[in-house]
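Since the structure comes first, as structure tokens, the remarks are kept for the end.
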Amino acid sequence: MEYNHKDIESRWQNYWRENKTYEVNINTEKPKFYVLDMFPYPSGAGLHVGHPLGYIASDIYSRYKRQQGFNVLHPMGYDAYGLPAEQYAIQTGQHPEVTTTQNIARYRSQLDKIGFCYDWSREIRTCDPSYYKWTQWAFMKMFNSYYDTAKQKAMPIAELIKELEISGTANIHAAQGEELNITADEWNGMDAKAKSDVLMNYRMAYLGNTMVNWCPKLGTVLANDEVSEGVSIRGGYPVEQKVMCQWCLRVSAYAQRLLEGLDKLDWTDSLKETQRNWIGRSEGAEMEFAVADSDIKLTIFTTRADTVFGVTFMVLAPESEYVWQVTTPEHKAEVEEYIAAIKHKTERERMIDKKVSGVFTGAYAENPLSGKKIPVYVSDYVLAGYGTGAIMAVPAHDSRDYAFARHFDLPIIPLIEGADVSEESFDAKEGKMINSCGPTLDLNGMDVKDAIKAAKEYVEKVGIGKVKVNYRLRDAIFSRQRYWGEPFPVYYKDGIPYMLDEKELPLQLPEVDKYLPTETGEPPLGRAKNWVTTDGCALELCTMPGFAGSSAYYLRYMDPHNDEALVSREANEYWQNVDLYVGGTEHATGHLIYSRFWNKFLYDLGAVCKDEPFQKLINQGMIQGRSNFVYRVKDTNTFVSYNLRKDYDVTPIHVDVNIVTNDVLDTDKFRAWRPEFNDAQFILEDGDKYVCGYAVEKMSKSMFNVVNPDDIVDRYGADTLRLYEMFLGPVEQSKPWDTNGIDGVNRFIKRLWNLFYKGDENLVTDGEPTKEALKSIHKLIKKVTQDIENFSYNTSISAFMICVNELTQQKCHNAKILEQFVILLAPFAPHVAEELWHTLGHDTTVCDAQWPKHNEEYLKEDSVKYTVSVNGKPRFNIEVPSGTVPAEVEKTALANEAAAKWIDGKPIRKVIVVPNKIVNIVI
RNA sequence: GCCCGAAUGGUGGAAUGGUAGACACGAAGGACUUAAAAUCCUUUGGCCAUUACCGGCUGUAUGGGUUCGAGUCCCAUUUCGGGUACCA
């Protein structure tokens with residue numbers, strides 16, 4: 001029998017399907033293990049060879065854990081809502097559901113060919129009403145909750161209402177939009193609308209007028225993590241800032257818990273660091289600056305309370321409410337003009353244009369420590385959304401303030417001894433304070449760090465400010481003016497939003513005639529007929545964003561068909577949370593923050609038993625494309641080979657990597673590739689070769705460097721694809737895909753096969769294995785077990801290759817040895833392992849074969865060689881029996897020297913014995 | 001600008017501070033074959049030496065340092081990749 005991957009792979013894939021080999025159920029007899037891949041968005045382009053990298057890695061780990069006796073949950077599903085399907089629908093009129101379903105079918109057939117051990121009976125799709133019912137449900141719960149900052153957890157809004165009725169806001173400790181001061185009487189006297197508005201200040205999911213990222217081209221708002229460098233991540237369209245009334249999630253309430261939770265997780269330090277930066281905790285103080293000749297006080301936030309004596313002016317964000325309070329009548333026109341100009345710019349333009357700009361308001365504030373009068377400016381370098389939207393400017397020690405001061409010719413007072421501020425500001429937090437003495441506070445001579453502390457204490461003591469912690473993390477904007485997303489379970493009555501009854505969920509996405517906004521500028525759902533409740537109230541027209549459906553999906557896999565709950569208590573208590581999560585690093589500040597937030601909220605609710613969703617996380621690297629080029633001689637249809645191109649004036653042209661082998665072009669295929677190359681001429685090198693150039697780029701259709709896994713599976717088989725993807729390098733590392741080299745792992749499988757068969761003859765022998773063979777296989781068991789635990793799959797594949805070569809050389813066809821080999825190989829190459837397992841006479845599946853343990857006895861050497869070096873230079877070798885203690889080794893080494901105390905006429909200072917390696921004599 | 005990560009042959013990549021380059025690709029040579037494919041064997045970091053056997057020097061981005069010993073640890077520099085950006 002020859003190795004025939006097509007026959008073997010289809011046979012075993014059918015067997016696994018028919019026998020439901022990979023379906024799992026709660027089994028309290030066994031320990032659980034939950035391995036999860038980040039589920040894909042099913043794009044129209046299908047999978048390329050880079051997508052399965054992480055799936056293969058997690059599949060290997062799942063199979064390994066299963067063979068170790070764990071009950072492994074390893075599900076898969078689809079993140080089915082998203083912009084591309086909707087954009088496509090706008091262009092073609094095709095319902096996004098239709099294209100999404102098609103794309104999912106394509107993904108599924110591609111995934112099935114690779115032989116994953118997913119339990120497909122648990123598949124979920126975020127666009128499925130039975131799934132998004134629970135997305136809507138969680139949103140309702142958030143609407144009906146507030147965050148209690150004293151208890152540090154989410155609580156029912158009903159309790160807050162009770163408190164408002166009894167004593168107003170006096171005893172409320174809640175995460176809030178703005179600080180409200182309402183008495184119980186005032187509250188009780190409010191009408192429904194006013195009460196609703198007050199509660200919005202506290203709800204976990206609230207309707208708020210916030211500055212949003214508005215993308216006119218997409219016609220929707222975007223979250224901060226959906227925007228990068230002023231353009232939308234999807235599509236790359238410009239984004240502008242705009243105040244809009246939107247649904248928001250109070251993610252910021254969880255900032256501290258999201259930060260602290262990181263310490264307990266087995267994530268890489270760099271990923272944790274990225275999240276810490278995104279959360280952006282900064283400790284500082286809020287301080288009040290009184291405006292001269294008025295009652296107005298400007299509250300600012302600073303981390304450098306020590307620098308108050310160096311404040312020479314103040315700056316307000318253009319959007320700040322303070323602007324209109326302080327601007328004097330004489331300066332009003334100027335300020336208005338400035339703000340109008342700023343508004344016209346997009347975020348991107350504001351970023352590119354780093355020129356200093358600003359305008360004086362005419363107002364002066366009073367420095368609370370020195371008493372000096374300082375001017376108040378408006379400038380767009382101050383952000384409305386962070387801190388209080390107003391700053392105290394210390395030009396000597398902040399580069400932005402410095403630039404502003406220089407531009408407007410404002411005074412710069414150095415506060416740190418030796419700081420030269422003639423050319424640039426001194427931003428470092430070190431040195432001794434100077435020029436910092438006022439009537440009631442003297443910081444001179446103090447170290448900066450001590451001065452910060454002293455200033456904060458002083459400010460709090462005299463009541464001109466308070467110590468405050470600020471976070472960069474913003475609330476998530478949760479409305480999208482789009483069609484293809486989860487509808488909100490919200491209706492409006494007399495201008496007040498209400499939640500539907502839980503019994504009315506899921507609220508299904510309605511049909512529309514077009515996927516565009518209405519003529520009046522309403523979102524697409526405005527086109528839906530009868531988009532009202534049973535008693536005629538208008539339903540919300542926005543839909544939820546992409547991250548809504550992916551925030552709690554891992555919980556749903558535990559209990560995917562439950563109509564009563566997102567996940568039953570029983571299922572949740574058994575499966576707990578994800579033990580191993582595998583996915584790309586691009587979700588570091590989006591999905592992985594939202595998901596943790598969502599999970600913590602559900603934890604506060606008592607709906608789940610773990611407060612972190614993903615215990616261990618591995619970021620697989622990106623597989624880049626490796627493009628090939630041909631070089632066309634200008635104005636001809638002649639192509640010159642890579643190494644000869646310097647002699648000609650050439651244009652590089654991307655060429656399909658699938659007609660290039662080892663950078664050598666198949667010229668006949670090239671002529672057939674495109675009509676314009678039919679009569680192409682070639683200038684060859686080395687007599688007969690056309691060599692192509694190459695570059696590492698993103699894998700994309702336009703660069704003709706996309707390699708489809710289906711083609712690889714068809715040609716070499718799924719097992720070869722799996723082995724090769726892992727063999728390419730460490731899972732976490734990004735690397736270019738290069739199909740050259742795949743023959744190596746394919747040959748390995750064939751060599752393994754040749755240990756079992758020679759033609760039709762079965763070579764497997766019974767009896768006891770040789771000592772040599774035992775050593776080879778136990779070495780392998782040890783290595784592979786260690787490597788899998790460390791996700792170092794590339795080195796385990798090397799170990800497999802070495803072992804097969806050793807067994808081939810030993811002519812070992814022993815059943816006991818081969819059996820162990822096959823069990824070890826099963827996670828990596830499940831089809832061929834299954835086939836060979838049955839060749840060895842088993843009728844169970846290899847997936848359930850127990851993972852072997854290595855025995856150190858077999859690995860022992862009879863004797864050990866040491867290199868004896870003098871001052872690090874190797875001199876001669878010695879051989880001692882295995883297990884000799886270092887002191888004996890030392891003695892043996894020295895016995896070989898004529899004099900044991902002197903070498904080359906110098907005394908021996910030290911002898912270092914490195915186990916199994918080296919004896920170094922230092923003279 | 002700031003934060004994180006990386007740099008080893010022609011290529012992908014191995015090396016708990018202990019003989020750098022495992023394993024694989026590619027390349028060169030050879031065997032088998034009418035031929036090709038497939039398979040197998042040998043060589044393969046660079047330089048030098050060589051009839052043969054045995055060799056020698058050098059080498060992990062650059063410059064320093066710690067150490068008996070550094071690809072690995074420390075400091076500085078360069079380059080590349082990723083994240084983030086007026087966050088006060």
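What's counted below: heavy atoms across the whole structure, side chains too, no hydrogens, waters or symmetry copies. Since this is a predicted model, take the numbers as computed values, not measurements. Naming convention: chains lettered A, B, ... in sequence-line order (proteins, then strands); numbering from 1 in each chain.
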Exercise answer: donor-acceptor pairs, residues 691-698 of chain A side-chain atoms, under 3.5 Å, sequence neighbours excluded:
residue  : atom : partner  : partner atom : Å
A:Glu697 : OE1  : A:Ser627 : OG           : 2.4
A:Glu697 : OE1  : A:His654 : NE2          : 2.8

If the [atom1] atom of [N] is compared with that of [M], how far apart are they to the nearest Å?
{"N": "B:A6", "M": "B:G17", "atom1": "P", "answer": "14 Å"}
{"N": "B:G59", "M": "B:U50", "atom1": "P", "answer": "23 Å"}
{"N": "B:G69", "M": "B:U79", "atom1": "C1'", "answer": "30 Å"}
{"N": "B:U72", "M": "B:A20", "atom1": "C1'", "answer": "11 Å"}
{"N": "B:U51", "M": "B:C25", "atom1": "C1'", "answer": "35 Å"}
{"N": "B:G5", "M": "B:U16", "atom1": "C1'", "answer": "22 Å"}
{"N": "B:C47", "M": "B:C40", "atom1": "P", "answer": "30 Å"}
{"N": "B:A27", "M": "B:U11", "atom1": "C1'", "answer": "11 Å"}

Can you check the [X] [atom1] to [N] [atom2] distance for me, whole Å?
{"X": "A:Ile623", "N": "B:G81", "atom1": "CD1", "atom2": "P", "value": "18 Å"}
{"X": "A:Lys468", "N": "B:A88", "atom1": "NZ", "atom2": "P", "value": "13 Å"}
{"X": "A:Leu316", "N": "B:A88", "atom1": "CG", "atom2": "P", "value": "18 Å"}
{"X": "A:Leu473", "N": "B:U84", "atom1": "CG", "atom2": "P", "value": "14 Å"}
{"X": "A:Arg400", "N": "B:C2", "atom1": "CZ", "atom2": "C1'", "value": "12 Å"}
{"X": "A:Phe800", "N": "B:A24", "atom1": "CZ", "atom2": "C1'", "value": "16 Å"}
{"X": "A:Lys272", "N": "B:G82", "atom1": "NZ", "atom2": "P", "value": "24 Å"}
{"X": "A:Asn277", "N": "B:A85", "atom1": "CG", "atom2": "C1'", "value": "11 Å"}

Discussion item. Less than 6.0 angstrom from the centroid, inside 45 degrees of the normal: does A:Arg596 satisfy that with respect to the ring of A:Trp267?
Written reply: yes
Worksheet entry | Charged tip of A:Arg645 within 45° of A:Tyr642 ring normal and under 6.0 Å | yes
If only side-chain N and O atoms of [X] are considered, is one of them under 4.0 Å from the OP1 or OP2 phosphate oxygen of [N]?
{"X": "A:Tyr386", "N": "B:A88", "result": "yes"}
{"X": "A:Gln733", "N": "B:G13", "result": "yes"}
{"X": "A:Asn794", "N": "B:C23", "result": "no"}
{"X": "A:Asn805", "N": "B:A24", "result": "yes"}

For [X], is the [atom1] atom crowded, meaning more than 12 foreign heavy atoms sit under 6.0 Å from it?
{"X": "A:Arg276", "atom1": "CZ", "value": "yes"}
{"X": "A:Lys272", "atom1": "NZ", "value": "yes"}
{"X": "A:Gln809", "atom1": "CD", "value": "no"}
{"X": "A:Lys297", "atom1": "NZ", "value": "no"}

Enumerate the protein-to-nucleotides 38-41 of chain B contacts in which both atoms are nitrogen or oxygen and the separation is below 3.5 Å.
residue : atom : partner  : partner atom : Å
B:C40   : OP1  : A:Arg751 : NH1          : 3.4

Worksheet, complete the sentence: Relative to its sugar, using the 90° cut-off around 0, the base of B:G12 is anti
Across all strands, who's sitting opposite [N] as a Watson-Crick or G-U wobble pair, both distances under 3.5 Å?
{"N": "B:U42", "result": "B:A28"}
{"N": "B:G9", "result": "none"}
{"N": "B:G1", "result": "B:U84"}
{"N": "B:A76", "result": "B:U62"}

With respect to the side chain of [X], which nucleotide from [options] is positioned closest?
{"X": "A:Leu383", "options": "B:A85, B:A15, B:C86", "value": "B:C86"}
{"X": "A:Leu728", "options": "B:C23, B:G12, B:C25", "value": "B:G12"}
{"X": "A:Pro730", "options": "B:G13, B:A88, B:A85", "value": "B:G13"}
{"X": "A:Thr302", "options": "B:A88, B:G12, B:G18", "value": "B:A88"}
{"X": "A:Thr303", "options": "B:G18, B:A88, B:A24", "value": "B:A88"}
{"X": "A:Tyr694", "options": "B:G83, B:U11, B:C23", "value": "B:U11"}
{"X": "A:Arg472", "options": "B:A88, B:U84, B:A22", "value": "B:U84"}
{"X": "A:Glu273", "options": "B:A22, B:C3, B:G12", "value": "B:C3"}

Response to the item:
On RNA chain B, more 5' by nearest nucleotide between A:Ala390 and A:Ser270 is A:Ser270
Response to the item:
Of A:Ser798 and A:Thr589, the one whose nearest nucleotide on RNA chain B sits closer to the 5' end is A:Ser798
Worksheet item: Within a strict 4.5 Å, meaning less than it, do heavy atoms of the A:Asn705 and A:Met699 side chains meet?
Response: yes
Item to complete: Please round to the nearest 0.5 Å and tell me the distance separating atom OH of A:Tyr402 and atom CD of A:Glu423.
Response: 6.5 Å
Practice prompt. Please evaluate the base of B:C87 for a donor-acceptor partner in the side chain of A:Arg474 within a cut-off of under 3.5 Å?
Written response: yes
Item to complete: For the pair A:Phe426 and A:His397, name the ring-plane relationship: parallel under 30°, tilted 30 to 60°, perpendicular over 60°.
Response: perpendicular
Worksheet item: Base, sugar-phosphate alone, or nothing: which one does A:Asp738 contact when heavy atoms must sit under 4.0 Å apart?
Response: nothing
Discussion item. Classify A:Ile391 by what it touches in the nucleic acid, base, sugar-phosphate, or nothing, heavy-atom distance under 4.0 Å.
Written reply: base
Item to complete: Return each pair, listed once, that meets salt bridge (charged side-chain N to carboxylate O under 4.0 Å, His left out) where at least one residue sits in residues 738-748 of chain A; pairs must be two or more places apart or across chains.
Response: A:Arg626-A:Asp738
